[in-house]
Number of protein chains: 2
Amino acid sequence: MLVTEVNQIVDNQLFQKFVRFITAVHENSKEMTKGIQLESVTPVQYRILEYIYVSEPVTISQISECIDMSMPNMSRELKKLTEKQLCEKITDVHDRRKQYISLSEKGRGMMDQAFREIEVRFMGLMGSLTEEERAEVERALEVLQSKVFR
Amino acid sequence: MLVTEVNQIVDNQLFQKFVRFITAVHENSKEMTKGIQLESVTPVQYRILEYIYVSEPVTISQISECIDMSMPNMSRELKKLTEKQLCEKITDVHDRRKQYISLSEKGRGMMDQAFREIEVRFMGLMGSLTEEERAEVERALEVLQSKVFR
DNA sequence: CCGCTTACTTGTCATTTGATAACTAAAAGG
DNA sequence: CCTTTTAGTTATCAAATGACAAGTAAGCGG
């Protein structure tokens, strides 16, 4: 058996693990955020708010690109969110074409609460681990974050 | 400062890392599967096929539960997929109410191709790592899979 | 100043998805 | 048998999302 063939097999197993992992992460985070949806906010709108929450202030083009939705449609959704008083538009002082979006008091409060709920569920998971295990988890997060996901 | 307060801070940082990680995984897997959508298959339909692919044969109720879509709607989508010749229904011999779903030749071929494309992208990432780093990644996947995600 | 590009908005339409009510057919349990 | 439960289907309707055409208004490069 050639070395390249061995590598192929090793890599293939790694890929299988990777696929199973991605699936698990998706199921898990869906499970964790289940029932969070507050206030007549649609799934897409929730994702938008989540993105603004971690990246604000952002322009509409940026959100549009990251959420992978066309500008017209993103504009429409942001209008709805603004009408619901969950976010605000602020025109750039130096380039008045640009609109910076950030969460309103209400929007931030809502997202804070959502994240607190997620945190509670996360802590529930972590609670049953020993100190060393938690350190291991932290290390694993760092490894994957630096070497695989970005 | 009390020990519990220290723990609180540690845990909070861990949670921040966790959130960033989840976000990165989502962005990354969206990036990886971007452009995979073949053959007039909608996003939901792709998810259904993916689920069938890894779990076949499954009943319609099972799919319905895992994808979190009501039976009537799932029935409708599966009908469409069956019409597109991507999957097949087989009635259970012992309980003729049950319908087992599995991918057709065409459907399996399509999903094989999709996964191969994802694998290529994954290998592209792994290619720039050393052997030890890859082992580290593998270990990290295992740790998180066993301790956090299920 | 003028044409070009960028950032975004408005409006419209088709498709997808979600929700619900009413149905059939088969099993399961007295 | 006969009721109840389970598994799935069909039909209908509303809402969410996607795609696109045409618009405005501000910067930018000469």
Side-chain angles (χ1 to χ4, degrees), chain A residues 26 30 33-52 55-84 86-102, chain B residues 26 30-31 33-52 55-84 86-103:
Chain A
H26 277 105
K30 209 187 68 187
T33 55
K34 183 175 269 180
I36 297 284
Q37 259 67 318
L38 316 137
E39 289 255 4
S40 69
V41 171
T42 69
V44 185
Q45 287 172 358
Y46 179 80
R47 282 205 299 143
I48 295 172
L49 291 175
E50 215 171 63
Y51 178 68
I52 300 174
S55 324
E56 69 179 341
V58 273
T59 68
I60 304 186
S61 336
Q62 284 177 286
I63 307 177
S64 165
E65 207 204 314
C66 284
I67 304 284
D68 194 36
M69 181 183 255
S70 69
M71 277 283 282
N73 291 332
M74 185 54 75
S75 182
R76 182 221 297 155
E77 294 310 315
L78 286 173
K79 194 181 174 189
K80 287 183 198 164
L81 289 172
T82 309
E83 279 162 3
K84 285 178 191 165
L86 293 172
C87 66
E88 294 164 349
K89 297 183 186 180
I90 296 147
T91 306
D92 187 318
V93 190
H94 303 296
D95 184 343
R96 295 199 334 259
R97 290 169 304 177
K98 286 187 186 170
Q99 299 277 75
Y100 282 105
I101 307 293
S102 47
Chain B
H26 277 104
K30 209 187 67 188
E31 193 58 42
T33 54
K34 184 175 270 181
I36 296 284
Q37 258 67 319
L38 316 137
E39 289 256 5
S40 67
V41 171
T42 70
V44 185
Q45 287 172 358
Y46 179 80
R47 281 204 300 141
I48 294 171
L49 290 176
E50 214 170 63
Y51 177 68
I52 301 174
S55 324
E56 69 180 338
V58 273
T59 67
I60 304 185
S61 337
Q62 284 177 286
I63 308 177
S64 165
E65 207 203 313
C66 285
I67 304 285
D68 194 37
M69 180 183 255
S70 69
M71 277 281 284
N73 292 332
M74 185 54 75
S75 180
R76 182 221 296 153
E77 294 310 316
L78 286 173
K79 194 181 171 188
K80 288 183 198 162
L81 288 172
T82 308
E83 279 162 3
K84 284 176 190 163
L86 293 171
C87 65
E88 295 164 346
K89 297 184 186 178
I90 296 146
T91 306
D92 186 318
V93 190
H94 302 296
D95 185 342
R96 295 198 336 256
R97 290 170 304 180
K98 286 187 185 168
Q99 300 276 75
Y100 283 106
I101 307 293
S102 48
L103 297 182

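In what follows, chains are A, B, ... by sequence order, proteins preceding strands, each numbered from 1.
Residue A:Asn73 is the one, among A:Asn73 and A:Asp92, whose nearest nucleotide of DNA chain D lies closer to the 5' end (criterion: closest heavy atom). Checking B:Asp68 against B:Val93, the closest nucleotide of DNA chain C that is more toward the 5' end is the one next to B:Asp68. Along DNA chain D, the nucleotide closest to A:Glu77 and the one closest to B:Tyr100 are compared, and the more 5′ of them pairs with B:Tyr100.
Rounding to the nearest 0.5 Å places CE of B:Met74 at 11.5 Å from CD of B:Gln62. The distance from the CZ atom of A:Arg97 to the OG1 atom of A:Thr59 is 11.5 Å, given to the nearest 0.5 Å. If you take CG on A:Leu49 and CD on A:Glu77, they are separated by 10.5 Å, rounding to the nearest 0.5 Å.
Here the side chain of A:Pro72 is nearest to one of D:dC20, D:dA19, C:dA19, namely D:dC20. The nucleotide whose nearest atom lies closest to any side-chain atom of B:Ser75 is, among D:dG27, D:dT9, C:dA27, D:dT9. For B:Arg76, counting side-chain heavy atoms from C-beta on, the closest listed nucleotide (C:dG18, D:dA19, C:dA27) is C:dG18. Closest approach to the A:Lys89 side chain among C:dT9, D:dT17, C:dT17 is made by C:dT9 (side chain taken as heavy atoms from C-beta onward).
In this structure, the CD atom of B:Gln45 is 15 Å from the P atom of D:dG18, given to the nearest Å. In this structure, A:Met69 atom CE and C:dT9 atom C1' are separated by 15 Å, rounded to whole Å. Taking atom CG on A:Leu78 and atom P on D:dT17, their separation rounds to 13 Å, with Å as the unit. Remark: P of C:dT16 and CD1 of B:Ile67 are 17 Å apart, rounded to the nearest angstrom. Residue B:Arg47 contributes atom CZ, which lies 13 Å from atom C1' of C:dT16 at whole-angstrom precision. Nucleotide D:dG27 holds its P atom 11 Å from the NE2 atom of A:His94, rounded to whole Å. Distance A:Leu81 CG to C:dC8 C1': 16 Å, rounded to the nearest Å.
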Could you list the protein-to-nucleotides 4-7 of chain D atom pairs, N/O on both sides, closer than 3.5 Å?
from  : atom 1 : to      : atom 2 : distance (Å)
D:dT6 : O4'    : B:Arg97 : NH1    : 3.4
D:dT6 : O2     : B:Arg97 : NH1    : 3.0

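Of the possible donor and acceptor atoms, one in the side chain of B:Thr82 sits under 3.5 Å from a partner among the backbone N and O of B:Leu78. A donor-acceptor distance shorter than 3.5 angstrom exists from the side chain of B:Ser64 to the backbone of B:Met69, with no hydrogens or angles considered.
Residues satisfying the side chain to side chain contact (heavy atoms under 4.5 Å, CB included) criterion with B:Arg76, sequence neighbours excluded, are B:Asn73, B:Lys80. Annotation: side chain to side chain contact (heavy atoms under 4.5 Å, CB included) contacts of A:Glu56 (sequence neighbours excluded): A:Ile52, A:Ser102, A:Leu103, A:Arg108.
Contact between the side-chain N/O atoms of A:Thr42 and the OP1/OP2 oxygens of D:dT17 is found at a separation under 4.0 Å.
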